[in-house]
Chemist: 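Dropping the structure in here first, questions after.
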Amino acid sequence: MTEAKDLPALARQYVELSNRHDLEAIAELFEPDAIYRSSSVGVFEGRPAILEMMRGFFAKFPDVRWEVAEYRDGEDTSVIFAFALTATEASTGDAVLRQGVETLVFSPAGLIRGVDVQAAA
């Protein structure tokens with residue numbers, strides 16, 4: 001079982017890999033039946049669907065980057081962090097800035113089994 005103190009480091013790794021758009025490495029962080037919920041992009045069930053969504057997101061925002069100041073333990077096996085997303089939309093060249101809160105829920109094996117992203121209003 002992954003100890004709670006290790007979970008923020010796993011969340012940090014997920015964000016770092018996302019900032020590098022390293023889908024192969026990101027895939028290894030997810031349980032096969034993980035669920036990704038986002039107030040911006042919708043609900044995706046299973047690792048293949050999540051990775052396909054990410055592939056499209058990285059294509060739409062080729063320079064997307066997440067900034068996170070602090071990762072904190074949530075209930076049970078989760079980590080919560082506020083983020084600021086900066087990007088340029090490829091089709092328009094428009095700058096994008098979004099803020100929100102993300103919760104990662106980990107399995108006993110230390111893999112992501114759930115993601116919940118809530119964009120700030």
Side-chain angles (χ1 to χ4, degrees):
M1 169 114 181
T2 300
E3 295 179 27
K5 68 181 184 211
D6 298 325
L7 298 181
L10 294 172
R12 188 174 298 104
Q13 178 186 19
Y14 168 71
V15 172
E16 289 170 0
L17 292 171
S18 296
N19 281 339
R20 292 198 307 255
H21 303 191
D22 188 341
L23 286 173
E24 188 174 312
I26 291 169
E28 295 178 16
L29 301 179
F30 278 90
E31 288 284 352
D33 60 349
I35 298 175
Y36 187 107
R37 291 181 177 88
S38 168
S39 61
S40 297
V41 297
V43 178
F44 301 87
E45 295 185 25
R47 185 171 34 206
I50 293 167
L51 294 173
E52 185 61 29
M53 174 274 297
M54 288 181 170
R55 189 173 291 108
F57 191 82
F58 292 153
K60 183 175 182 178
F61 302 105
D63 63 349
V64 67
R65 178 160 181 81
W66 291 263
E67 294 292 331
V68 177
E70 178 184 19
Y71 298 85
R72 53 183 219 282
D73 290 315
E75 293 182 21
D76 298 324
T77 60
S78 66
V79 175
I80 301 167
F81 55 91
F83 65 86
L85 175 152
T86 56
T88 306
E89 188 166 350
S91 65
T92 64
D94 291 342
V96 176
L97 172 62
R98 293 182 188 157
Q99 295 181 329
V101 175
E102 188 160 341
T103 303
L104 301 179
V105 180
F106 292 90
S107 70
L111 297 175
I112 298 169
R113 64 183 176 114
V115 177
D116 183 65
V117 182
Q118 295 298 317

Chemist: Judged by atom type as modelled, is there a donor-acceptor pair below 3.5 Å linking the side chain of His21 to the main-chain atoms of Ala59?
Modeler: no
Chemist: Write down the atom of Ala49, the atom of Phe44, and the distance for their closest heavy-atom approach.
Modeler: O-CD2, 3.9 Å
Chemist: To the nearest 0.5 Å, tell me how far Leu104 CG sits from Leu111 CG.
Modeler: 12.0 Å
Chemist: How would you list, by chain and number, every residue that makes a side-chain hydrogen bond (donor to acceptor under 3.5 Å, both in side chains) with Glu16, sequence neighbours excluded?
Modeler: none
Chemist: Could you go through the side-chain contact (heavy atoms from CB on, under 4.5 Å) check for Val15 and Phe81 one step at a time?
Modeler: CA-CA 10 Å; Val15 172; Phe81 55 91; 3.8 Å; yes
Chemist: Please give the remaining members of the hydrophobic cluster of Ile35, linking ILVMFWY side chains under 4.5 Å, ordered by chain and number.
Modeler: Val43
Chemist: Between Val105 and Ile112, is there a shared hydrophobic cluster once you connect ILVMFWY residues whose side-chain heavy atoms come closer than 4.5 Å?
Modeler: no
Chemist: Within this structure, what is the CD-CD distance for the pair Gln99 and Gln118, rounded to the nearest 0.5 Å?
Modeler: 14.5 Å
Chemist: So with a 6.0 Å cut-off around CZ of Arg72, is the heavy-atom count from everything else above 12?
Modeler: no
Chemist: Name all pairs fulfilling the side chain to side chain donor-acceptor pair (under 3.5 Å) condition that reach into residues 33-53, sequence neighbours left out, sorted by first residue then second.
Modeler: Glu52-Arg55
Chemist: Measure the spacing between CZ of Phe58 and CG of Leu51 and express it to the nearest 0.5 Å.
Modeler: 9.5 Å
Chemist: Let me confirm one number: the OG-CZ distance from Ser78 to Arg113, rounded to the nearest 0.5 Å.
Modeler: 9.0 Å
Chemist: Say you draw a straight line from CG of Asp22 to CD of Glu28; how long is it, rounded to the nearest 0.5 Å?
Modeler: 8.5 Å
Chemist: I'd like to know whether Val115 forms a side-chain contact (heavy atoms from CB on, under 4.5 Å) with Phe30, so could you lay out the CA-CA distance, the side-chain angles of the two residues, the decisive distance to 0.1 Å, and finally the verdict.
Modeler: CA-CA 10 Å; Val115 177; Phe30 278 90; 3.8 Å; yes
Chemist: For the residue pair Val68 and Phe83, what are the closest heavy atoms and their distance?
Modeler: CG2-CB, 4.1 Å
Chemist: Hey, what do you get for CG (Asp73) to CG (Asp6), rounding to the nearest 0.5 Å?
Modeler: 10.0 Å
Chemist: Who passes salt bridge (Lys or Arg N to Asp or Glu O under 4.0 Å) against Glu67, sequence neighbours left out?
Modeler: Arg65
Chemist: Identify, with sequence neighbours excluded, every residue that meets side-chain hydrogen bond (donor to acceptor under 3.5 Å, both in side chains) alongside Asp63.
Modeler: Thr88
Chemist: If we check side-chain contact (heavy atoms from CB on, under 4.5 Å) with Val96, which of these qualifies: Leu85, Thr86, Val64?
Modeler: Leu85
Chemist: Restricting to side chain to side chain contact (heavy atoms under 4.5 Å, CB included), what partner residues turn up for Ser18, sequence neighbours left out?
Modeler: Tyr14, Ile26, Trp66
Chemist: Are Glu89 and Phe61 close enough that some pair of their side-chain heavy atoms sits under 4.5 Å apart?
Modeler: yes
